[in-house]
Amino acid sequence: MRILLANDDGIHAPGLLALAKALAPGHELVVAAPSEERSATSHAITLGKPMRSREVELLPGVAAFSVDGSPADCVKFALAKLCPASPDLVVSGINRGPNTGVDIRYSGTVAAAMEAACSGLPAVALSLGDVTPPLRFPAAALTARRVIEALVSGGFPFDRAVANVNLPNLDAPLGVRATRVNGYRYRATFEERLDPRGRPYYWMDGEKELLGDADPRSDLVAVREGYVSVTPLLIDPTAFLFLPDLKAALDAVG
Ligand code: MN
């Protein structure tokens, strides 16, 4: 396959290199990644300023480019300017840290895959379920390759969904689960400090708060228990389930 690789951790991220190494045999790769880390930038695109791209050495035989834009910019730019032919698949990651629950909304990793899907291409987002070293990206990348091959040959509905894959930080995962998104939110905290002129500035952090119980069928629990989690994410966000209720509510408007 012709595969485009992107990420949000930047062109120098170990998760990207491990993924490129795992996917290079038998596939034709193009890599386009942000020149700096762009985690938690979601689906932002750059319209108000120019972008630069340069070719970088990542892996022998692999065309790799840094782009000083967002993850979605990288995919847009690569599809228009860097890929000699339209890729058969776009893979984003492997992100350092999980993209489960509400983190999916903030994720540049998932957004890069979603950007590709919005362009009509099959897309997979990959994230490692841990941020505490040692991070086993090479092992996770080999697992990811097997999961990707299964999704591509197994009829995953890439025309309607992005596959959001979270990999446990293990040499050998216990298995693979089809999962749903577990609800949680962050209670934001802002640490206040003073700049040299005595004015306050703030560092955002947050504490994870589960909404209800942890769902044993969820992405969060699967990765926590040592399983690969694969969640289908809709490309069309319409909540079809609620259209009848919406119509009923709108009846009053006339
Ligand atoms: Mn990231």
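When a ligand or atom number is given, it counts from 1 through the structure's own listing order.
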Visitor: Just checking, is any N or O donor in the side chain of Thr231 or Asn164 under 3.5 Å from an acceptor N or O on the other one?
Guide: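 Distance-only check fails for Thr231 and Asn164.
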Visitor: Less than 4.5 Å apart, any side-chain heavy atom of Asp215 and any of Thr179?
Guide: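 Not touching, per the 4.5 Å side-chain cut-off.
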Visitor: For the Mn ion (ligand 1), check which protein N, O or S atoms are under 2.8 Å away and list them.
Guide: Asp8 OD1, Asp9 OD1, Ser39 OG, Asn95 OD1
Visitor: Answer yes when Glu28 and Arg2 have at least one side-chain N-carboxylate O distance shorter than 4.0 Å, and no when they do not.
Guide: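 A salt bridge is absent here (no side-chain N lies under 4.0 Å from a carboxylate O).
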Visitor: Of the options Arg197, Arg193, Arg199, which is the one that meets Asp195 in a side-chain hydrogen bond (donor to acceptor under 3.5 Å, both in side chains)?
Guide: Arg199
Visitor: Establish, from distance only, whether the side-chain atoms of Asp8 and Thr109 form a donor-acceptor pair under 3.5 Å.
Guide: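 Short answer, yes.
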Visitor: Does either side chain, that of Asp219 or that of Ser229, offer a donor lying less than 3.5 Å from an acceptor on the other one?
Guide: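 Asp219 vs Ser229: no donor-acceptor pair found between side chains.
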